[in-house]
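So you know, we letter chains A, B, ... as the sequences are listed, proteins then strands, and number each from 1.
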Protein chains: 2
Amino acid sequence: MLTISQVSERTGLSPYTLRYYEKVGVLKEPKRKEGGARSYSESEVSFIQCLNGLKRLGMSLEEITEFFRDGCVMEKIQQGEDLAKLSPSLNKRTEILTKHLAELEAKKKELETIMALTREKLAMYDALAKGAAEEKNGSGARE
Amino acid sequence: MLTISQVSERTGLSPYTLRYYEKVGVLKEPKRKEGGARSYSESEVSFIQCLNGLKRLGMSLEEITEFFRDGCVMEKIQQGEDLAKLSPSLNKRTEILTKHLAELEAKKKELETIMALTREKLAMYDALAKGAAEEKNGSGARE
DNA sequence: GCTTGACTTCGAGCCGGCTCTAACCTTTAA
DNA sequence: TTAAAGGTTAGAGCCGGCTCGAAGTCAAGC
């Protein structure tokens, strides 16, 4: 059993963040020692690592909470749990990931649009700046 | 001369937002009427429209403030101001836009990375879900 | 017995970009 | 004359995701 700062070291999340995640419901409350200190198991650590994986996908804490509503499925599978029984959870997960991917795609389109606009504007200022430089040099080749 | 709500209608920014922009320094203080009410000119409206253009590029208020430190150059040009005199402003603007574009490109790369990761994870869950469905159907073709 | 260090809690603060409330003031029309 | 429709200000609240401060508790070592 691990303390919060040991879990912090092994997951890269600060104790602050771990407690915060607990508060907002993305992590469930761990057992406590007599003194009241949190006491985490190995499987809780791997759950958090799994969670970190989803954060890397840019998912919000809300999405992640929803994703994990049935616990850490990958672990259950590794423990040899019946695949058929997990089917609804798996379906929900592919659904959430599909939706997330669609959001990312939308974001990318949006980003490409504003990049195109930025390039346009940049080209305009660039052309003006060049014109200004020429005028300064007195060359004034055109006209 | 226009009131704040007239400017709001013509620019799509709420009076709240206009006052907020003034407070954080992206808009400069307009003239006041006797009563103390803000009184905007047409050129202030076109400045704000220009500002909206930059917002559409995803620029932060801080970047926009910096961009407009020398006023609305496009307008000065239209008013026939000497292009050579504006050269430093124009150079600064192309510089800011170039930097902004680089940031957008970085963001896009990042986004592409997490999209690839998401697709991977999705493929995995998808495969598992299919496997679970097969097991449920009793077919169990393999093994 | 006392200090030290790690834990606990609650609540506040931070970021950026608004958005709104409250209390007040001004102009205009009935 | 007074009420409604605008305007003004300072300051608070909101979002998500932390991050921290203060004050308290607890176990271990000197």
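- Other residues, nucleotides and ligands contribute more than 12 heavy atoms inside 6.0 Å of the CD atom of B:Gln79.
- Side-chain atoms of B:Thr11 and B:Gln49 include no donor-acceptor pair closer than 3.5 Å.
- At D:dG7, one or more side-chain N or O atoms of B:Thr3 fall inside 4.0 Å of OP1 or OP2 (strictly under the cut-off).
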Check nucleotides 13-23 of chain C for protein N or O atoms closer than 3.5 Å to its own N or O atoms and list the pairs.
| from | atom 1 | to | atom 2 | distance (Å) |
| --- | --- | --- | --- | --- |
| C:dC18 | OP2 | B:Tyr21 | OH | 2.4 |

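- Sorted by residue number, the list of members of residues 96-113 of chain A with any non-hydrogen atom under 4.0 Å from DNA chain C is empty.
- Remark: P of D:dA10 and CZ of B:Arg19 are 12 Å apart, rounded to the nearest angstrom.
- Separating the CZ atom of A:Arg38 from the P atom of D:dT25 is a distance of 17 Å, rounded to the nearest angstrom.
- Between atom NZ of residue A:Lys92 and atom CZ of residue A:Phe68 there is a gap of 10.5 Å, rounded to the nearest 0.5 Å.
- Here A:Leu97 contributes atom CG and A:Met59 contributes atom CE; the two are 6.0 Å apart, rounded to the nearest 0.5 Å.
- In the helix from C:dG1-D:dC30 to C:dA30-D:dT1, the terminal helix axes, each the rotation mapping four pairs' C1' atoms onto the next four within five end pairs, subtend 50°, rounded to 10°.
- Going from atom NZ of B:Lys28 over to atom CD of B:Glu22 covers 10.0 Å, rounded to the nearest 0.5 Å.
- For the atom pair CD of B:Glu63 and NZ of B:Lys55, the computed distance is 13.5 Å after rounding to the nearest 0.5 Å.
- Atom OG of A:Ser89 is separated from atom CD of A:Glu81 by 9.0 Å, given to the nearest 0.5 angstrom.
- Looking at residues two or more places apart in sequence or on another chain, you find a ring-ring contact (aromatic ring centres under 6.0 Å, His included) between A:Phe67 and B:Tyr125.
- One can place CG of A:Leu18 at 12 Å from C1' of D:dC18, the figure rounded to the nearest angstrom.
- Take A:Glu29 and apply the salt bridge (charged side-chain N to carboxylate O under 4.0 Å, His left out) test, not counting sequence neighbours, and it matches no residue.
- Distance, B:Arg32 CZ to C:dC25 P: 16 Å, rounded to whole Å.
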Between protein and nucleic acid, restricted to nucleotides 26-28 of chain D and to nitrogen or oxygen atoms under 3.5 Å apart, what atom pairs and distances do you find?
none

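- For the atom pair CG (A:Leu122) and CE (A:Met124), the distance works out to 9.5 Å, reported to the nearest 0.5 Å.
- When only modelled atom types and interatomic distance are considered, A:Glu44 and A:Ser41 share a side-chain donor-acceptor pair under 3.5 Å.
- Atom CD of A:Glu9 sits in a sparse spot, with 12 or fewer heavy atoms from other residues, nucleotides or ligands closer than 6.0 Å.
- Between the side chains of A:Thr17 and A:Ser14, a donor-acceptor pair is found at a separation under 3.5 Å.
- Spacing between atom NZ of B:Lys33 and atom P of C:dT27 amounts to 9 Å, rounded to whole angstrom units.
- In this structure, A:Met1 atom CE and C:dC7 atom P are separated by 15 Å, rounded to whole Å.
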